[in-house]
Amino acid sequence: MLRFVLFRLLHAIPLLIAVILVILLMLQFIPGDPVQAMVGDFPVSPEFRAAITQQYHLDDPFPVRVYSYFVNLLHGDFGYSYQFQRPVWDLIAESAPRTILLTLVGFLIAVPFGVLVGTVSGTTRSSRVDHFWTSTALVAYAIPTFWLGQLLVLVLAVHLGWFPTQGMGPLVSRAHGLSWFLERAHYIALPALAFAVHEGTRFARIMRASVADTLGQGYIVTARAKGLSRGAIIRGHVLRNSSLPLVTVAGYAFGAALGGAVLLETVFTWPGLGLLLVQAVRMRDNMTVVGIVIFAAIAVVVINLLVDLLYAALDPRIRGRG
Amino acid sequence: MNTEASIHQNPRPGTAARTNLRHLFLKSARGAALSALIAVGASSHAVAADDTPVDGGTIVAGIDPAAIATLNTQLTSLTSSLVMADVWADGLMTYDRDGKRIPRLAESWEISPDGLTYTFKIRSGVKWSDGKPFGADDVVFTLMNFGKYNTYLTKLMPLIAGAEAPDPTTFVVKLKQPMTATLDLFDKEVFPLMPKHIYEGTDLLTNPANRAPVGLGPFKFVSWDTGRAITFERNPYYWEKPKPHVDSVIFALIPDAQQAINALSRGEIDWVRLEPVKVPVAQAAAKGGKFQVIEIKTNAPERAVVDFNMRKEPMKDLKVRQALFEAIDRERVAKDAYQGLANIAVNAIPVQFRNLHDPSIDYNKLYPYDPKKAGALLDEAGYPLKDGKRFSIELTYIAKAPFDSVAKVVQSQWTAIGVDVKLVGLDPQIWIDKVYKKHDYDASVISLTGRTNPVLGIDRSYLCNDGDVPFANPTGYCNKDLDKLIAEAAAAPLDKQKALYSKYAAIVARDLNEITLTNARAFEAVSTMLKNVDAQFNVAFNTHPNWQEVWIPKDQQK
């Protein structure tokens, strides 16, 4: 098992190097003037331009910058953001937990929803219940997250006033203990719901197909023949066997979300990695952009590895092979 | 011109319950009359409570977090940083709503008869927000050290012969040659004062105080929570006591203008500076009673312009530029792109500069909307219609409102006279690269602020510019005589300036390297919870409220 983990991690190194090179190259070719971005829409004084350029080595040749970036990275240094005037790692360390929190809460809603609806639908195929859930899930999945987010804000926050319109929590608050928790839950509810609608319906569709597939297996027929109840078959045989594809899809979705739920965070002004990435791109804050991309790439690699390990835990056949 | 800040929406909210009730009533036609009654009841309550200011509470202001690298506005002209500087920083002077200069940390000033020496009497007994004493040497330090980095002072710095503080309450600046705009360059927005004891002997650009400033404003910096908020609290050493009344001002970082309006309409934030394109939406949302929309009458000119690339055909040809100007119905630009919230520009020197603007040079008379004449001019210039088309050009702009709408209106009108226009909407950085650095465009739309004086915001569009400096003249137009006239106009005594600026406007109107379409009006949205708003909005040009005048009734304090 340890060998498997090490092999997978080592395998990821060339991938990460390639990701970094590609992103640095892309940023090199996008026109941009970080000094102008710092000053606004007014001509920059030549002295200011010269001082900033020298300070952040903005005029170093591309290979020199790539080399020094990799050297710094090997020392655990993600670089310094000249726009935020802080080490990039500090920015990531501050924003990533907020994105993880939003993603986790989204998953807490999406996974049970997906499993439940997928199972109900899969076990009642071609019934009215199935048709209802299948078509609902299809429509919900087709709605782009940012549009759904805006719609939720407009209806549930602006018009009905049930939820805050944006942000992670009130900027002025005297709440403690449980009321603090509830206050925060109030703020996370809408973005998590928008995330969950999209992912949950996807999970439901995967689960439905998988449940249907499992129900056709020989061991289910055997279980039926043994006289096991429908509930016992679903709980004991169908759920576990059907959840494998869901684990894969959910794992990828989690990794992708960590890479910055860009649209979702922008719609809800959720100050996570996605919002940070958008700002960094707008400001041509290349160090921060690359830092977030590396973080996202590592997150995807690690989560895929965890998915594989979870797979092994769920399916003894894979464990045996490993 | 009416110089009062006019308030468009007057209902104030009562308690949350009452607001919700009103909201429900507003939804139905039957509820309208009753809702008005409630508003009247609420207003009479407001008058009674308005008498005595009470301390306490927090103002949450919404700002766009994009590109805020520093809070030190000696080093940036970014709007969000400027808005925050009004809260924590102060300067020698500012402007009231009429655009008249009013003293701040300079109690008075004198200009020598030769226009070379400016002497400011500095207020005594003032302290920085860290409790250290403030004096004239801080002013000298700020000018001599930050001046070279300050984007507005690029014209002044080469003219400075010296600056000194003969005593703690006297600041003297000597010029090599007169420049009448000098006083405007010591306005608190352009020239915020910086503490010598914090910056002396340090690298000014990397000093941590740029992001955790020490200033002279009514509030002092507390914290910066990246992606969420920047917080300021009452400055205990503020010189204009007992102000401010509120305990703190928090700037909520909200990147999207619509989100800010949503938050305002739910009472989550209390103030936002409105982009022109969002004003009608905000005015509609203000009917909910949570906030009102205020117009800043003497605003810094915000000129929507089209730059022509005169390095290339066909824009090289004056007749083509004239024709393209006459083909634009600027009323349509004001109506469609600015929802009627922009005025038609008269000439290159905006009307806000009352003492310099000459209305007799009038684009409306020189180049009235006349597509037929425009077509004839293009025929004369050698571009007759062939298969319904005369020539093809590229019109580039930043792909966001209002530039995209301006560009579309211009495109449709140029197309009507047979010019094939390809629209190229770009990310701001890519647009800067294309227009100012590579000069790879035919025509370009942008909106430029004129600030408080032509020296600051207007001259840059017409002065020769061989380089690739963004937001300076990108057209390739270079007229040494105009450059000389611009310098003369800036240096002339006040009573001689108007004639020179009139000549300046006439040359621009003749050569048309850049055409000014409209001049947008300025609006801000502010919570109805705040009292004494009228005194607070005694501001002009680019200045924003410093929140020292307003107060919040106890029952509404957050």
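In what follows, every chain begins at residue 1, and chains take the letters A, B, ... in the order their sequences are listed.
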(request) Taking all heavy atoms of B:F471 and all of A:Q36, pick out the closest pair and write down the distance. (result) CD1-NE2, 3.4 Å

(message) To check you understand the geometry: which heavy-atom pair defines the closest contact between B:T226 and A:E94, and what is its length?
(response) CB-OE1, 3.0 Å

(message) For a quick test of reading the model, state the closest non-hydrogen atom pair linking B:Q429 to A:A37 and the distance between them.
(response) NE2-CB, 3.3 Å

(message) Counting heavy-atom pairs closer than 4.5 Å to chain B, which one of A:A157, A:P46, A:S173 comes out on top?
(response) A:A157

(request) Under 4.5 Å heavy-atom distance to chain A, tell me which part of B:N262 shows up: side chain, backbone, both or neither. (result) both

(message) I need the residue from A:V278, A:V267, A:D285 with the largest number of non-hydrogen atom pairs under 4.5 Å to chain B.
(response) A:V267

(message) I'd like to check A:V158 versus B:S265 (side-chain heavy atoms, cut-off strictly below 4.5 Å). Are they in contact?
(response) yes

(request) Measure distances from B:L75 to the heavy atoms of chain A and classify the residue's part below 4.5 Å as side chain, backbone, both or neither. (result) both

(request) Could you tell me which non-hydrogen atom of A:V172 sits nearest to which non-hydrogen atom of B:V60, and how far apart they are? (result) CG2-CG2, 4.1 Å

(message) At a 4.5 Å cut-off on heavy atoms, which part of B:P65 comes close to chain A: side chain, backbone, both, or neither?
(response) both

(message) Which one wins on heavy-atom pair count under 4.5 Å against chain B: A:R98, A:M168, A:R86?
(response) A:R98

(message) Please classify the contact of A:Q166 with chain B as side chain, backbone, both or neither, using a heavy-atom distance under 4.5 Å.
(response) both

(message) Tell me the closest heavy-atom pair linking B:G227 and A:P271, and the distance in Å.
(response) O-CB, 3.4 Å

(request) Answer with side chain, backbone, both or neither: which region of B:I250 has an atom nearer than 4.5 Å to a non-hydrogen atom of chain A? (result) side chain

(message) Can you tell me which of A:P164, A:S95, A:A280, A:G167 forms the most heavy-atom pairs within a distance under 4.5 Å of chain B?
(response) A:P164

(request) Heavy atoms only: give me the nearest A:M283-B:I68 pair and the separation to one decimal. (result) SD-N, 4.2 Å

(request) Using modelled atom types only, decide if a donor and an acceptor are shared between the side chain of B:R228 and the backbone of A:L171 within a distance under 3.5 Å. (result) no

(message) Quick check on the structure: residues of residues 49-63 of chain A within a heavy-atom distance below 4.5 Å of chain B, by number.
(response) A:R49, A:A51, A:I52, A:Q55

(request) Indicate yes or no: does B:D433 engage A:R284 in a salt bridge with an N to O separation below 4.0 Å. (result) no

